[in-house]
> 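Before I ask anything, here is the structure I am working with.
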Amino acid sequence: QVHLVESGGGLVQSGGSLRLSCAASGAISYIFDMAWYRQGSGNQRDLVASITDGGRTRYNDYVKGRFTISRDNAKNIVYLQMNGLKPEDTAVYYCNADVRRLGVVDGQYNYWGQGTQVTVSS
């Protein structure tokens with residue numbers, strides 16, 4: 001079993017900052033890509049940022065310059081530093097990871113966290 005658990009969400013005023021964390025645990029041999037998605041009022045889940053095992057990052061254009069994704073490979077944690085938050089950033093933020101599992105020589109499995117609520121007030 002593999003689990004992703006998000007933390008760090010909450011209520012913040014417009015212009016404030018939050019740092020989200022996602023810890024992966026379980027029968028993990030290796031983690032390839034990790035990413036943050038969000039689902040707002042539009043009921044679709046959109047990519048916010050992703051990071052490869054080598055540290056290459058990709059961002060939604062709307063959050064470029066405000067959000068930073070990073071990871072700690074030793075701890076199997078991915079972070080999302082969110083600065084200059086806006087009300088339109090309000091959403092449930094989900095962690096995602098591509099994982100090679102213990103006992104599996106080849107192949108990848110994809111996992112999602114339960115999500116953490118971020119609410120930005122005006």
Side-chain angles (χ1 to χ4, degrees):
Q1 83 290 27
V2 174
H3 296 98
L4 305 180
V5 180
E6 301 98 335
S7 62
L11 175 64
V12 66
Q13 195 170 17
S14 180
S17 298
L18 287 172
R19 188 174 78 157
L20 306 183
S21 299
C22 171
S25 63
I28 297 170
S29 176
Y30 191 82
I31 302 180
F32 297 92
D33 296 345
M34 303 185 81
W36 288 97
Y37 290 75
R38 70 186 185 188
Q39 184 170 342
S41 61
N43 80 0
Q44 64 183 19
R45 194 171 295 184
D46 296 323
L47 176 69
V48 176
S50 64
I51 184 167
T52 69
D53 53 348
R56 180 171 55 84
T57 59
R58 176 188 175 194
Y59 295 93
N60 184 311
D61 285 341
Y62 195 79
V63 306
K64 283 184 178 178
R66 298 189 298 123
F67 292 9
T68 303
I69 189 170
S70 61
R71 64 191 284 172
D72 185 333
N73 292 332
K75 295 180 179 293
N76 287 342
I77 297 175
V78 62
Y79 303 96
L80 185 68
Q81 178 66 47
M82 305 185 294
N83 299 324
L85 284 163
K86 305 174 181 180
E88 51 263 45
D89 294 318
T90 295
V92 178
Y93 284 70
Y94 295 90
C95 180
N96 180 268
D98 289 325
V99 175
R100 184 164 67 220
R101 305 201 311 201
L102 289 173
V104 181
V105 176
D106 198 8
Q108 299 178 50
Y109 294 81
N110 186 260
Y111 294 93
W112 291 93
Q114 297 273 319
T116 185
Q117 177 70 49
V118 172
T119 303
V120 184
S121 62
S122 59

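This is a predicted model, so every value here is computed, not measured. Reckoned from all heavy atoms, side chains included, excluding hydrogens, waters and symmetry mates. Just so you know, residue 1 is the first one in the sequence shown, and it goes up from there.
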> Measure the spacing between CZ of Arg38 and CD of Gln117 and express it to the nearest 0.5 Å.
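Answer rounded to 0.5 Å: 12.0 Å.
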
> Over 60° means perpendicular and under 30° means parallel, so tell me whether Tyr94 and Trp112 are parallel, tilted or perpendicular.
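It falls in the perpendicular class, over 60°.
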
> Any disulfide bond (SG atoms under 2.5 Å apart) pairs touching residues 52-81, not counting sequence neighbours?
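Found none.
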
> Looking at OH of Tyr30 and CG of Asn76, how far apart are the two atoms once the value is rounded to the nearest 0.5 Å?
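Answer for the OH-CG pair, Tyr30 versus Asn76, is 10.5 Å.
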
> Same cluster or not: Ile77 versus Tyr93, using hydrophobic residues (I, L, V, M, F, W, Y) connected whenever any side-chain heavy atoms lie under 4.5 Å apart?
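Unlinked, Ile77 and Tyr93 end up in two clusters.
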
> Compare every heavy atom of Gly84 with every heavy atom of Arg66, then report the nearest pair and how far apart it is.
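Scanning both residues completely, I find the closest heavy atoms to be NH1-O, 2.9 Å.
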
> Taking Thr90 for its side chain and Val120 for its backbone only, find out whether a donor-acceptor pair lies under 3.5 Å.
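At least one qualifying donor-acceptor pair exists.
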
> For the backbone of Ile69 and the side chain of Tyr59, can you confirm whether one donor and one acceptor N or O come within less than 3.5 Å of each other?
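Looks like yes, one N/O pair under 3.5 Å.
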
> Whether Arg45 engages the ring of Tyr37 as a cation-pi pair (distance to the six-membered ring centre under 6.0 angstrom, angle to the ring normal within 45°) should be assessed.
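That pair does not qualify as a cation-pi contact.
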
> Does Lys86 come within less than 4.0 Å of Asp89, counting only side-chain N to carboxylate O?
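Looking at Asp89 together with Lys86, the answer is no, because their closest N to O distance does not fall below 4.0 Å.
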
> Do Phe67 and Leu80 touch side chain to side chain, with heavy atoms closer than 4.5 Å?
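Yes. Closest side-chain heavy atoms under 4.5 Å.
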
> Taking side chain as C-beta onward, heavy atoms only, is Arg101 less than 4.5 Å from Val2?
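Yes - at least one pair of side-chain heavy atoms lies under 4.5 Å apart.
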
> Sub-3.5 Å donor-acceptor pair from the side chain of Glu6 to the main-chain atoms of Gly115, do we have one?
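Between the backbone of Gly115 and the side chain of Glu6 there is a qualifying donor-acceptor contact (under 3.5 Å).
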
> What I'd like to find out is whether the side chain of Asp72 reaches to under 4.5 Å of the side chain of Tyr79, using heavy atoms alone.
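Side chain of Asp72 against side chain of Tyr79, heavy atoms only: contact under 4.5 Å found.
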
> Quick one: side-chain hydrogen bond (donor to acceptor under 3.5 Å, both in side chains) partners of Tyr62, sequence neighbours excluded?
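Tyr62 satisfies side-chain hydrogen bond (donor to acceptor under 3.5 Å, both in side chains) with Glu88 once adjacent residues are dropped.
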
> Could you measure the distance from the OH atom of Tyr111 to the CE atom of Met34? Nearest 0.5 Å is fine.
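If we round to the nearest 0.5 Å, Tyr111:OH and Met34:CE are 13.0 Å apart.
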
> Does the side chain of Pro87 come within less than 4.5 Å of Ser14's, by heavy atoms?
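The answer is yes; the side chains approach within 4.5 Å.
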
> CG/Leu47 to CZ/Arg58 distance, rounded to the nearest 0.5 angstrom?
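Nearest 0.5 Å value for the CG-CZ distance: 5.5 Å.
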
> Any Lys/Arg nitrogen of Asp53 or Arg71 sitting under 4.0 Å from an Asp/Glu carboxylate oxygen of the other?
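Answer for the salt bridge query: no.
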
> Is any side-chain heavy atom of Asn96 closer than 4.5 Å to one of Trp36?
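No; the side chains remain at least 4.5 Å from each other.
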
> Any luck finding a side-chain donor-acceptor pair between Asp33 and Ser50 under 3.5 Å?
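On atom types as modelled, these side chains do not qualify, holding no pair under 3.5 Å.
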
> Considering only distance and modelled atom types, tabulate donor-acceptor pairs under 3.5 Å from the side chains of residues 18-25, sequence neighbours left out.
none

> Between Asn110 and Gln108, do the side chains contain a donor N or O and an acceptor N or O under 3.5 Å apart?
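Checked: Gln108/Asn110 side chains show no N/O donor-acceptor pair below 3.5 Å.
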
